[in-house]
Amino acid sequence: MSATDPRAEFYSALDDWWAQLWALRICTDQPQDNIKTKFFAHVEDRCSEVGCWKLGDDVLSSLFCEFLNELGEW
């Protein structure tokens with residue numbers, strides 16, 4: 001049995017959620033890649049701050065809302 005890479009697993013789960021958000025929930029095209037990169041960095045920063053790397057749907061939804069609010073502060 002091989003060990004899984006926790007970082008790869010984290011980004012895989014995050015990438016799945018991101019794709020589902022646009023394709024299945026709001027049914028529109030994804031924004032530019034730099035927005036995805038910034039959101040992923042936001043999630044990673046917040047997870048690091050609290051020391052929890054579990055990416056449940058409720059957590060990601062909250063972090064996405066937080067991310068959008070930060071974008072609105074520009």
Side-chain angles (χ1 to χ4, degrees):
M1 183 184 324
S2 64
T4 58
D5 178 7
R7 189 170 183 85
E9 193 173 309
F10 173 83
Y11 280 106
S12 177
L14 187 52
D15 195 53
D16 286 348
W17 186 87
W18 180 261
Q20 289 176 17
L21 170 68
W22 301 102
L24 302 176
R25 296 179 186 196
I26 59 177
C27 302
T28 190
D29 294 334
Q30 294 185 22
Q32 297 174 356
D33 285 342
N34 65 333
I35 300 297
K36 177 181 174 181
T37 301
K38 288 178 182 182
F39 176 65
F40 281 29
H42 175 78
V43 172
E44 186 173 10
D45 288 346
R46 296 292 286 136
C47 287
S48 180
E49 285 175 12
V50 298
C52 181
W53 299 89
K54 295 180 182 174
L55 296 178
D57 191 57
D58 56 336
V59 171
L60 287 171
S61 295
S62 293
L63 290 174
F64 186 71
C65 184
E66 186 179 284
F67 174 71
L68 290 178
N69 285 331
E70 286 184 12
L71 288 177
E73 293 175 2
W74 282 10

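These numbers come from a predicted model, not from an experiment. The figures that follow rest on heavy atoms only: side chains count, while hydrogens, waters and symmetry mates do not.
- In this structure, D45 places its CG atom where more than 12 heavy-atom neighbours from other residues, nucleotides or ligands lie under 6.0 Å away.
- Put simply, the side chain of W22 does not reach to within 4.5 Å of the side chain of C27, judged on heavy atoms.
- Considering only residues two or more places apart in sequence or on other chains, K36 meets the salt bridge (charged side-chain N to carboxylate O under 4.0 Å, His left out) condition with D15.
- The shortest non-hydrogen separation linking F10 to E44 is CZ-CA, 4.2 Å.
- Of all the heavy atoms in L14 and F39, the pair that sits closest is CD1-CE2, 3.9 Å.
- Annotation: the span from F67 atom CZ to E70 atom CD amounts to 8.0 Å, rounded to 0.5 Å.
- Side chain of S12 to backbone of A8: no donor-acceptor contact under 3.5 angstrom is found.
- Around the CG atom of N34, the shell of radius 6.0 Å holds more than 12 heavy atoms that belong to other residues, nucleotides or ligands.
- Atom CD1 of I35 is separated from atom CG of L71 by 6.0 Å, given to the nearest 0.5 angstrom.
- Taking a 6.0 Å sphere around CD of Q32, one finds it holds 12 or fewer heavy atoms contributed by other residues, nucleotides or ligands.
- Here the straight-line distance linking atom CG of D58 with atom CG of L63 works out to 9.5 Å at 0.5 Å rounding.
- Hydrophobic clustering, with ILVMFWY side chains joined whenever heavy atoms are under 4.5 angstrom apart, keeps W18 apart from L24.
- Considering all non-hydrogen atoms of both residues, R25 and S61 come closest at NH1-OG, 4.0 Å.
- Within the 4.5 Å cutoff, the side chain of H42 has no heavy atoms near those of the K38 side chain.
- Linking ILVMFWY side-chain heavy atoms closer than 4.5 Å, directly or via other members, places V50 and L55 in two distinct hydrophobic clusters.
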